[in-house]
**Student:** 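Below: one structure in structure tokens.
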Amino acid sequence: MTQNYRITLLPGDGIGPEIMEVAQKVLTIVGKKFDLQFEFQQALIGGAAIDATGEPLPAASLDMCRNSDAVLLAAIGGYKWDSLPSHLRPEAGLLGLRAGLGLFANLRPAKILPQLIDASTLKREVVEGVDIMVVRELTGGIYFGKPKGIFTTETGEKRGVNTMAYTESEIERIGRVAFEAARKRQGKLCSVDKANVLEVSQLWRDRITHLSQEFPDVELSHMYVDNAAMQLLRNPKQFDTIVTGNLFGDILSDAAAMLTGSIGMLPSASLGESNPGVFEPVHGSAPDIAGQDKANPLAQVLSAAMMLRYALNQQNAADYIEKGVLQVLHRGDRTGDIMSKGMNLLGCRAMGEALIQSLEE
Ligand code: IPM
Ligand code: MG
């Protein structure tokens, strides 16, 4: 029987529309193979939404996302909107989407593909075999804590304020997601914090430690965030699953991504309790190469695979896309960001065509 899914596409800004086009085509092809019918609906977010409506996340877009089985997002932001006040910037649209859908858990896998080891800036022996899952808390911490803003002090000086805050329940619910994820992987969880300085981290460490009693099969360790940044570069293979707060997760997931050679290869999933999940590449909108047919569409395509796996429970279709990606890389097809000597340099569209051809074979 054909399965029907309503998917909201949010192409956003910069290279977003180019890479989304490839992912949409891939989904359609794979849908035919696995008897899945996708009804795509498109909505505005980020700079594109600001230009059209004056707001980075129009209510109609959030409603459309709520009324779908899953959301596939490309990327937002660009120089054009950089000088707007923070609540009107494209980034506010993304944060509004995360908050509006209650997407508190962000899963960012960083797995090195054997075909791309030479694209990593680190030595082969350091990165070979790296397979890390960063579980980042996404709707709390310093991104959302109050008070926040730029205030004027009694002496007339301006003072910028953000607040890093976590409640016990916020820590425990992301902790649960991370322990469950570790359980399905190598059974090792490293919780990253700054408990030597920050009270919010002391509570974080305490609650994660307490929670570990429910997961005796998972080996828990703790690490300070500065050390974690260093260890990711020194010996990334010591990590299996990492759980951390919003800001530390933002930073460490970029570092983990780069171990794999290109941030252009990595997908992510943002999940909540009941609303549809949002699936998006870890990379940004790359305004410097937008519209030039140079972008790597593979992280977007792999985000679509993650959507099939986590939101729609279509493991076979997800596997099929992931295998297709490995196949084109194996053949030597590369976009500029992952190019190395002797490989075929392709643009975004040609990479999409190469992938579709291999999926149709
Ligand atoms: C990310 C991005 C976002 C974040 C920005 C664009 C708001 O860097 O998804 O990692 O900081 O969370
Ligand atoms: Mg980031």
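Whatever order the structure lists ligands and atoms in, that order sets their numbers, starting from 1. All values reported here derive from a predicted model rather than from experimental measurement.
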**Student:** So, Asn316 versus Gln314: side-chain donor-acceptor pair below 3.5 Å or not?
**Tutor:** no

**Student:** Any side-chain to backbone donor/acceptor pair from Thr163 onto Ala165? Under 3.5 Å, distance only.
**Tutor:** no

**Student:** Can a non-hydrogen atom of Glu280 be found less than 4.0 Å from any atom of ligand 1?
**Tutor:** no

**Student:** Using a strict cut-off of less than 4.0 Å between a Lys/Arg side-chain nitrogen and an Asp/Glu carboxylate oxygen, indicate whether Asp337 and Lys294 qualify as a salt bridge.
**Tutor:** no

**Student:** To check your reading of the model: name the closest protein heavy atom to atom 1 (C) of ligand 1, its residue, and the distance in Å.
**Tutor:** Arg108 NH2, 3.3 Å

**Student:** Any side-chain donor-acceptor pair under 3.5 Å between Gln202 and Arg205?
**Tutor:** no

**Student:** Measure the distance from atom 2 (C) of ligand 1 to every protein heavy atom, then report the residue, atom name and distance (to 0.1 Å) of the closest one.
**Tutor:** Asp250 OD1, 4.0 Å

**Student:** Is the shortest distance from a Lys or Arg side-chain nitrogen in Glu18 or Arg349 to a carboxylate oxygen in the other one below 4.0 Å?
**Tutor:** no

**Student:** Of all the heavy atoms in Arg89, does at least one lie under 4.0 Å from an atom in ligand 1?
**Tutor:** no

**Student:** Going by atom types alone, do Asn106 and Ser270 pair a side-chain donor with an acceptor below 3.5 Å?
**Tutor:** yes

**Student:** So does Leu103 get a backbone contact from the side chain of Thr139, meaning a donor-acceptor N/O pair under 3.5 Å?
**Tutor:** no

**Student:** Whether the side chain of Arg331 engages the backbone of Asn344 through a donor-acceptor N/O pair (distance < 3.5 Å, no angle test) should be reported.
**Tutor:** no

**Student:** Where is the nearest protein heavy atom to atom 4 (C) of ligand 1: which residue, which atom, and how far?
**Tutor:** Tyr143 OH, 3.5 Å

**Student:** Would you say Glu91 has any N or O atom under 3.5 Å from an N or O of ligand 1, going by distance alone?
**Tutor:** no

**Student:** Check each atom of ligand 1 against the heavy atoms of Arg98 and keep those under 4.0 Å away; list them by number with element.
**Tutor:** 1 (C), 4 (C), 9 (O), 12 (O)

**Student:** Work out how many protein N, O or S atoms lie closer to the Mg ion (ligand 2) than 2.8 Å.
**Tutor:** 1

**Student:** Where's the contact between His283 and ligand 1, heavy-atom distance under 4.0 Å: side chain, backbone, both or neither?
**Tutor:** neither

**Student:** Show me which atoms of ligand 1 lie under 4.0 Å from any heavy atom of Arg136.
**Tutor:** 1 (C), 4 (C), 9 (O), 10 (O), 11 (O), 12 (O)

**Student:** Knowing that exactly one of Phe248, Tyr166, Tyr224 qualifies, which makes a ring-ring contact (aromatic ring centres under 6.0 Å, His included) with Trp204?
**Tutor:** Tyr166

**Student:** Testing the 3.5 Å rule here: is there a donor-acceptor pair between the side chains of Thr8 and Gln41?
**Tutor:** yes

